[in-house]
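A short worksheet on the structure shown next.
The chains referred to below are lettered A, B, ... by the order of the sequence lines, with proteins before strands, and numbering in each begins at 1. Everything numeric here is computed off the predicted structure, so don't read it as measured data.
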Amino acid sequence: MKQAWAALCAAGLIFGLVGAASAETVKVGVIATFSGPFARWGEQFQQAIKVYQKQHGTTVDGNTIEVIYRDDGGPDPARAKQLAEELILREKVQFLGGFVFTPNALAVADIVTEAKMPTVIFNAATAVVTRKSPYFVRTSQTIPQVTVPIAQWAARNGIKRVVTAVSDYAPGFDAEAYFVKTFQAAGGEVLESIRIPLATTDFSPFYERVLQEKPDALFIFGPGGPPTVGMINTWASRLKPAGIRLLCTAETQEIDLPKIGPAALGVVSSFHYTETVDNPLNKALWADLTAMFGKNTVPDLASAGAYDGMELIYRAVAKFGPRATGDQAIGLWRGMAFDSPRGPIEIDEKTRDIIENVYLRKVEEREGKLVNINFQTIPMVRDPWKDEHPE
Amino acid sequence: MTALSESGLRRLWHGLPWALALLVYFTGGGYLGLGTHALVMILFALSLDLALGQAGIITMGHAAFFGIGAYAAGIFASHLSADPLLGLAAATLAASLFGLLSGAFILHTAGVTLMMLTLAVSALLAEFANQAHGLTGGDDGLQLGRMAPLLGLFGFDLWGKTAYLYALAVLFLWSLAAWRIMRSPFGRSLDGIRQNPRRMRAIGTPVWRRLVVAYGLSAAMAGSAGALEAQTTRSVGLGALSVLTSGTVLVMLVLGGTRRSYGAFLGATVYVVVQDFAAEIDPFRWMFVIGLLLMAVVLIFENGLTGLGDAARRALAGLPRRSGRP
């Protein structure tokens with residue numbers, strides 16, 4: 001009787017295993033911010049992932065790709081680490097993705113390395129991130145990568161004296177350092193570098209100082225969202241009439257332009273993703289986003305990062321099947337070049353960071369809407385920080 | 001066989017939460033990270049219960065001590081020694097010193113003024129941590145290297161087993177201490193100060209001194225909690241010092257019930273577990289669930305979730321429902 005039971009159990013076990021092997025589910029854990037003041041990031045990630053899965057299907061060679069979302073609530077490294085543990089140990093994910101904020105990405109570096117978990121950083125833009133784990137790749141940008149081009153452009157286009165005003169936190173410091181260094185090397189003069197507390201809502205006192213310096217232009221770096229809009233609006237009302245131009249990177253992204261209004265017309269910025277960039281992938285991304293999530297949906301850098309992150313994961317599953325190891329996936333991704341909605345991109349073979357075009361663009365009005373229009377492309381820019389800080 | 005004596009029953013009752021915590025260790029699997037976080041938050045809520053519940057110090061800035069503990073443990077581990085116990089001791093000391101010092105200044109006030117001052121102190125600290133980039137890593141946060149094995153014997157593993165037991169042991173010691181403190185003459189005098197400081201002063205109690213000591217003790221506990229969080233997750237961020245953290249721990253305490261032996265235990269555990277499950281089901285709207293839960297508990301139960309037991313007992317005994325509301 002006992003033996004019969006044992007045989008039955010064994011049979012059940014075998015059938016169970018076979019059943020599981022024939023059509024496996026590959027779990028992808030996405031840790032990002034879905035609640036609180038930065039919830040837009042998570043929403044943009046999720047929408048881009050859904051568009052990718054609509055365009056490419058939810059299966060690769062019969063294996064279902066299941067995306068599991070976890071909310072870190074903002075810059076909270078302890079929570080990010082705990083979520084990564086849960087996803088790896090409990091949910092048994094095969095890939096990790098997401099990470100809006102640098103501290104959260106840095107916090108999971110150790111566990112990602114220990115678990116050999118291939119991890120795609122969709123945003124977290126501090127240069128050093130990809131150094132912290134050999135299983136990190138990044139599909140966004142680094143702050144030096146997108147800041148250097150605007151400083152070079154300014155120096156070449158008759159702007160001689162600049163004041164910088166950045167938000168008082170680590171990414172702001174990076175932007176300030178690289179703008180100042182590049183602009184001075186090109187012969188420009190930086191009159192003053194102002195750091196504005198993150199929680200500032202009234203920018204006039206800071207801009208009063210700028211007004212007294214009488215620079216040709218003001219370079220700003222904001223944390224995104226309402227404070228950034230305030231930064232630009234105050235520039236428009238106080239500094240623009242005095243003939244002081246504005247230089248920036250992500251601050252004029254299209255998602256915020258309606259809140260800034262016509263004052264933004266003519267502002268020049270440099271960035272790796274421009275919403276109006278003319279390529280079929282970007283057009284399809286935008287079309288599907290608006291079809292699935294409403295006509296006011298606008299893709300942004302978060303969409304591009306998540307979309308390309310999914311491309312990497314799909315390619316790894318296509319090549320190595322549902323049981324791809326971390327070393328296989330990272331090996332495949334190193335040096336991989338492919339087309340993204342933002343243009344051609346490549347994962348650096350050595351640093352696992354992204355190499356991509358950086359665009360100089362200007363805010364213009366098209367069909368009654370404010371949009372960024374590229375006027376110059378700097379092809380395949382590497383992260384300058386990594387070249388200056390070799391391992 | 002005689003029935004268990006009442007004191008024996010009570011002793012058994014007190015063993016229950018710890019037995020459950022050990023059960024989680026053996027069955028928890030992938031939940032141990034969550035469990036460790038819950039233990040840390042229990043300790044943090046317990047520290048708030050001493051200051052707010054027992055002594056009536058209305059504080060909205062308790063994250064200051066949690067954050068100091070976390071950063072002190074982080075800085076200690078990066079620059080001095082990777083030994084977890086030394087780091088824990090240093091962090092606890094740093095937080096309690098800051099508690100005594102800031103308490104000495106702000107505890108001359110009471111009520112809304114005190115609340116605003118606690119808020120201001122924690123906001124100042126958060127801004128300092130943001131500025132002192134070289135020390136704290138600023139917005140990038142601080143990453144701790146690998147901690148040395150506990151007592152030189154138990155290494156911290158990927159599964160978080162050592163971390164869980166470590167946090168449980170520290171929580172156990174602190175809750176014994178808190179138990180003693182709250183039932184000591186000192187604790188009773190805090191009780192009196194909360195209810196009527198003027199009268200306590202009139203009968204000769206050194207009110208300010210008692211409050212400062214209570215605040216310092218509470219800060220030490222919060223500092224230990226922060227150090228545990230830093231050591232077990234091997235990272236510290238500015239969030240540890242944020243007003244949101246102060247608010248969260250307050251919600252946990254209110255949810256469980258203030259001045260109850262296991263209020264902090266129940267409140268923090270329920271909050272952490274409900275948050276995790278709600279966020280798993282819907283990462284966008286889990287806060288809604290927490291909000292509803294808090295409203296329901298505050299409106300329906302007299303004193304948090306632990307008040308539920310009392311209400312049930314009174315109902316069974318046929319006593320009228322006691323209302324804490326005016």
Side-chain angles (χ1 to χ4, degrees), chain A residues 30-37 39 42-43 45-46 68-92 101-111 113-115 124 126 128-129 132 167-174 195 197-199 223, chain B residues 28-38 40-41 70 74 123 126-127 130-131 133 136-146 156-160 163 226 228-230 232-240 242 244-245 248 272 275-276 278-288 290:
Chain A
V30 172
I31 299 174
T33 307
F34 295 98
S35 68
E43 197 182 354
F45 282 166
Q46 196 194 36
I68 303 171
Y69 300 94
R70 289 288 184 275
D71 176 31
D72 59 25
D76 185 347
R79 176 123 187 95
K81 167 103 190 295
Q82 181 210 322
L83 290 171
E85 273 174 13
E86 278 176 34
L87 285 169
I88 293 169
L89 299 176
R90 208 163 82 204
E91 298 287 351
K92 311 244 182 304
F101 296 99
T102 297
N104 297 9
L106 296 179
V108 304
D110 286 336
I111 187 165
T113 308
E114 275 170 58
T126 306
V128 74
V129 170
K132 295 294 181 180
S167 278
D168 201 347
Y169 74 134
F173 305 155
D174 268 9
R195 290 178 177 180
L198 266 179
Chain B
Y31 286 94
L32 281 184
L34 187 72
T36 309
H37 179 62
V40 167
M41 292 319 283
E127 193 50 36
N130 183 31
Q131 299 288 335
H133 200 266
T136 62
D139 186 70
D140 284 348
L142 194 64
Q143 273 69 45
L144 285 70
R146 184 172 288 281
F156 285 89
D157 51 325
L158 178 64
W159 292 83
L228 285 180
E229 178 89 342
T232 55
T233 62
R234 277 153 67 186
S235 58
V236 194
L238 286 175
S242 77
L244 201 65
T245 306
T248 305
V272 169
Q275 177 192 14
D276 194 67
E280 241 171 60
I281 294 161
D282 186 343
F284 290 98
R285 283 173 287 269
W286 61 267
M287 274 185 175
F288 186 70
I290 295 277

**Asked** So, does A:D76 use its side chain to make a donor-acceptor pair with the main chain of B:G237 at under 3.5 Å?
**Response** no
**Gap between atom CZ of A:R79 and atom OG of B:S235 - 0.5 Å precision** = 13.0 Å
**Complete:** The reported gap from CZ in A:R195 to CG in B:N130 (rounded to nearest 0.5 angstrom) is 10.0 Å
**Asked** So which of A:E43, A:E91, A:K92, A:E114 has the largest heavy-atom pair count under 4.5 angstrom toward chain B?
**Response** A:E114
**Fill in**
Rounding to 0.5 Å, atoms OG (A:S35) and CZ (B:F284) come to a distance of 9.5 Å
**Request:** With a 4.5 angstrom heavy-atom cut-off, could you sort out which part of B:L238 is near chain A: side chain, backbone, both or neither?
**Result:** neither
**Prompt:** Which bit of B:S242 is near chain A, if near means a heavy-atom gap under 4.5 Å: side chain, backbone, both or neither?
**Reply:** neither
**Asked** Any idea which heavy atoms bring A:D110 and B:L144 closest together, and the distance?
**Response** OD2-O, 4.1 Å
**Prompt:** Any side-chain heavy-atom pair from B:L34 and A:Q82 closer than 4.5 angstrom?
**Reply:** yes
**Fill in**
On a heavy-atom basis, the closest approach of B:E229 and A:A78 is OE2-CB, 3.2 Å
**Request:** Could you tell me which residues satisfy salt bridge (Lys or Arg N to Asp or Glu O under 4.0 Å) with A:R90, sequence neighbours excluded, listed by chain and number?
**Result:** A:E86, B:D276, B:E280
**Item:** Which portion of A:F173 sits near chain B, non-hydrogen atoms under 4.5 angstrom
**Value:** side chain
**Message:** Counting heavy-atom pairs closer than 4.5 Å to chain A, which one of B:E127, B:R234, B:M287, B:H37 comes out on top?
**Reply:** B:R234
